[in-house]
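Step one of this worksheet: look at the structure below.
In what follows, chains are A, B, ... by sequence order, proteins preceding strands, each numbered from 1. Quick note: numbers below take in every heavy atom, side chains included, and nothing from hydrogens, waters or symmetry partners.
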Amino acid sequence: MAQIVHSIKGTRDFYPNEMVRRQWLIGKARQASQLFGYEHYDGPCLETLELYAAKSGEELVKEQAFVFPDRGGDPVTLRPELTPTLARMVAQKQNELVYPLRWWSFGPFWRYERPQKGRTREFFQWNIDLIGDNSLMADAELIAVAANFFRLVGLGSEVVKVKVNNRHLMEDVFEQLAISKDISPAVLKLIDRLDKLPLPIWEEKALELGISQSQLRQIKSVLEDEALWKQSGELTELFRLLESLGVSDYVVYDPKIIRGLDYYTGTVFEAHDVKGEFRAILGGGHYANLVADVGGNPLPGVGFAMGDVVINLVLEAYGLYPSQLSQKEAVFVTVFNEDLKAKSLEVASQLRQAGINVVLSLTEDKLAKQLKYADRLNLTKALVIGPDEEASGKVIVKDLLTRDQQSIDQAELIAFFKC
RNA sequence: GUGCCUGUAGCUCAAUGGCAGAGCGCUUCACUGUGGAUGAAGAGGUUGAGGGUUCGAAACCGUCCAGGCACCCCA
């Protein structure tokens with residue numbers, strides 16, 4: 001074992017069983033995206049370092065991106081997120097695209113961090129964005145897409161919630177509490193971590209930032225105020241729209257949702273399992289202006305991203321992957337012996353020409369062995385063509401689940417499998 | 001980058017300084033025209049690597065490698 005070359009830390013191998021699940025998940029993301037009329041797109045996995053230098057937050061690029069020189073010596077980056085690529089793609093064709101544009105994508109991303117539960121170095125991410133509209137309709141639509149996705153995969157609103165907040169509201173609150181603009185970004189970041197840190201340490205950090213004792217007390221009370229959203233016209237309107245879109249059972253207000261990325265303005269949201277057992281399933285929000293950072297004209301938008309790792313853990317925990325997922329919708333054709341090999345090949349070929357998938361035995365081993373192989377592949381039908389069948393123009397079709405078998409005229413075989 | 005934990009057969013684990021084992025899985029046979037059961041036999045190990053301590057190390061010590069979990073950050 002020790003001599004097998006190891007894979008790269010934080011990457012995952014997708015054996016057929018897992019690949020089937022990955023494809024199923026992608027299918028659900030596609031379905032949710034298309035339900036709202038979003039178009040599929042993708043960009044390159046390799047980008048220039050310059051693209052991320054423009055934005056993305058310092059840490060993501062400096063600490064977490066895979067960056068290395070290409071053979072010409074230029075720095076190349078494995079994309080750690082899609083948004084800068086999206087911004088570039090929009091900026092390049094800014095004057096010919098039809099707005100608002102609704103785009104979605106699902107692909108691999110890389111971040112150099114220590115792997116742990118729910119976090120790997122290579123992961124897949126569903127990205128979906130609505131660009132070119134600044135209204136709350138846009139924000140509501142994206143949240144509704146997320147809620148519809150959860151419905152499609154069987155995660156009910158009693159299990160998963162989309163927690164929503166608004167950065168404008170928090171800025172207003174800070175103003176009321178006379179928290180200076182210098183420290184408010186840092187305070188916002190700290191609020192985002194309230195659930196992670198032990199309270200005494202959290203308070204200590206808050207005081208270190210220059211918050212007074214009375215401000216601290218007020219912040220804490222604000223963060224427990226589940227009705228705080230009523231002070232925000234935007235949130236009031238947003239929740240009304242979500243109600244009309246029929247997804248308000250999935251939505252909950254949470255003043256502690258801030259989001260780490262700096263470019264969010266206005267609405268921000270994160271989806272979590274209700275029990276709080278897992279990391280955030282998806283996160284997103286409204287941004288006033290991304291495209292300008294890569295050289296285009298300002299365009300507002302809203303979007304979210306969902307990594308495959310956490311949603312995978314959640315779907316596993318709640319047993320929501322279909323148990324019958326299989327890519328082997330195929331008929332197994334046995335080979336009775338050397339003399340009848342040509343006959344089996346002929347039958348297999350006829351079935352394939354009719355569009356029926358066939359796994360052909362490569363050996364003339366005894367039938368027990370061939371059938372065991374078919375069984376272990378989880379195939380459900382097997383054909384046996386022995387001397388008796390050959391003589392009478394028949395084929396035996398064996399149901400590997402019920403163990404029943406029947407003799408069928410070779411001429412009727414295709415019709416048998418087609419219906 | 002920081003901290004804690006773990007590496008023994010394909011998998012899950014046992015052996016608490018004294019002969020490296022079990023269950024499951026795998027191969028073959030009982031069954032030369034029929035797979036999930038049963039029974040029997042068999043294969044499979046440099047105990048992650050290389051050092052040190054010891055009469056003796058899977059175990060103890062330090063180094064490296066790999067994995068897990070938490071921080072940082074975030075999907």
Of the listed nucleotides B:A75, B:C74, B:G33, the one nearest the side chain of A:Lys189: B:C74

Counting neighbours of CG on A:Leu199 that are heavy atoms of other residues, nucleotides or ligands and sit closer than 6.0 Å, is the number greater than 12? yes

4.5 Å side-chain heavy-atom contact, A:Arg121 and A:Thr11: no

Over all strands shown, is A:Gln370 touching base, sugar-phosphate only, or nothing at heavy-atom distances under 4.0 angstrom? nothing

How about A:Glu270 and A:Ile257: do any of their side-chain heavy atoms sit closer than 4.5 Å? yes

Is the CZ atom of A:Phe123 crowded by more than 12 outside heavy atoms at less than 6.0 Å? yes

Under 4.0 Å, counting only non-hydrogen atoms across every strand here, what does A:Phe124 touch: a base, just sugar-phosphate, or nothing? nothing

Contact class for A:Thr120 (heavy atom, under 4.0 Å): base, sugar-phosphate, or nothing? base

Using the C1' atom as the reference point in each nucleotide, state the distance between B:U53 and B:G62 in Å, no decimals. 11 Å

When rounded to the nearest Å, what value does the distance between P atoms of B:G68 and B:A59 take? 24 Å

Classify the nucleic acid contact of A:Asp399 as base, sugar-phosphate or nothing, counting any heavy atom under 4.0 Å across all strands shown. base

Suppose you measure atom C1' in B:C60 against the same atom in B:U16; what distance do you get, rounded to whole Å? 12 Å

For the pair A:Trp103 and A:Tyr41, name the ring-plane relationship: parallel under 30°, tilted 30 to 60°, perpendicular over 60°. tilted

Hey, which sits more toward the 5' end of RNA chain B by its nearest nucleotide, A:Gly386 or A:Ile8? A:Gly386

Nearest-angstrom distance from the residue atom CD of A:Gln405 to C1' of B:G33: 9 Å

Under-3.5 Å donor-acceptor pair between A:Arg111 side chain and B:C74 base: no

Over all strands shown, is A:Asn127 touching base, sugar-phosphate only, or nothing at heavy-atom distances under 4.0 angstrom? nothing

Establish, with yes or no, whether the OP1 or OP2 oxygen of B:C73 is under 4.0 angstrom from a side-chain nitrogen or oxygen of A:Arg114. no

Answer yes or no: does a side-chain N or O of A:Arg279 lie under 4.0 Å from OP1 or OP2 of B:C73? no

Side chain proximity check, A:Leu130 to A:Tyr38, heavy atoms < 4.5 angstrom: yes

Comparing A:Arg121 with A:Ile396, nearest RNA chain B nucleotide closer to 5' gives the residue A:Ile396

Figure out the CZ/C1' separation between A:Arg79 and B:C74, and round it to whole Å. 17 Å

If we take the P atom in both B:U2 and B:U63, what is their distance in whole Å? 13 Å

Kindly write out the residues that satisfy side chain to side chain contact (heavy atoms under 4.5 Å, CB included) with A:Pro69, not counting sequence neighbours, or none if the list is empty. none

P atoms of B:G1 and B:A37, separation to the nearest Å: 49 Å

Using ring pair (Phe, Tyr, Trp, His ring centres under 6.0 Å), reason through A:Phe149 and A:Phe304 one step at a time and then give a plain yes or no. CA-CA 12 Å; A:Phe149 169 81; A:Phe304 69 77; 8.3 Å; no

How far does the C1' atom of B:A9 sit from the matching atom of B:A22, given to the nearest Å? 11 Å

RNA chain B: stems of at least 3 consecutive Watson-Crick or G-U pairs, cut-off 3.5 Å? B:1-7 with B:65-71, B:10-13 with B:21-24, B:26-30 with B:38-42

Quick one: label A:Ala374 by what it contacts on the DNA or RNA (base, sugar-phosphate, nothing), any heavy atom closer than 4.0 Å. nothing

Give A:Leu400 one of three labels, base, sugar-phosphate or nothing, depending on what nucleic acid heavy atoms sit under 4.0 Å from its own. base

Ring centre gap for A:Phe124 and A:Phe14 strictly below 6.0 Å: yes

With side chains defined as the heavy atoms from C-beta onward, is the minimum distance between A:Val159 and A:Tyr318 less than 4.5 Å? yes

What is the distance from CG of A:Leu367 to P of B:U32, rounded to the nearest Å? 11 Å

Atom-to-atom span, OH of A:Tyr112 to P of B:G1 - whole angstrom: 6 Å

Counting only heavy atoms from other residues, nucleotides and ligands, does the tally under 6.0 Å from CD of A:Glu346 exceed 12? yes

B:A40 and B:C24: how far apart are their P atoms, nearest whole angstrom? 11 Å

In whole angstrom, give me the gap between the C1' atoms of B:G42 and B:G25. 14 Å

Starting at CG of A:Asp375 and ending at P of B:G35, how long is that distance when rounded to a whole Å? 10 Å

Would you indicate what A:Ile281 reaches in the nucleic acid, counting non-hydrogen atoms under 4.0 angstrom: base, sugar-phosphate, or nothing? sugar-phosphate

Given side chains that start at C-beta, do those of A:Tyr287 and A:Asp129 come closer than 4.5 Å, heavy atoms only? yes

Between the protein and nucleotides 23-28 of chain B, list every N/O to N/O distance that falls short of 3.5 Å.
unit_1 : atom_1 : unit_2   : atom_2 : d
B:U28  : OP1    : A:Lys369 : NZ     : 2.5

Return yes if the base of B:A75 and the side-chain atoms of A:Glu113 contain a donor-acceptor N/O pair under 3.5 Å, otherwise no. yes

Does any donor atom in the side chain of A:His286 or A:Asn166 lie under 3.5 Å from an acceptor atom in the other side chain? no

Determine: side-chain N/O of A:Arg193 to OP1/OP2 of B:C73, distance under 4.0 Å, yes or no. yes

What's the NZ-P distance between A:Lys9 and B:G68, to the nearest Å? 7 Å

Report which part of the nucleic acid A:Glu389 touches: base, sugar-phosphate, or nothing (heavy-atom distance under 4.0 Å, all strands). base

From CD of A:Gln116 across to C1' of B:C4 the rounded distance in Å is 13 Å

When all nucleic acid strands are considered with a 4.0 Å heavy-atom cut-off, which category describes A:Leu401: base, sugar-phosphate, or nothing? base

Taking any heavy-atom pair under 4.0 Å as a contact, classify A:Val310: base, sugar-phosphate, or nothing. nothing

Ignoring the backbone of A:Arg403, work out which of B:C72, B:U34, B:G35 is nearest its side chain. B:G35

Euclidean distance, atom CG of residue A:Asp404 to atom P of B:G35 [Å, nearest integer]: 15 Å

Ring-on-base stacking B:A75 with A:Phe123 (under 5.5 Å, under 30°): yes

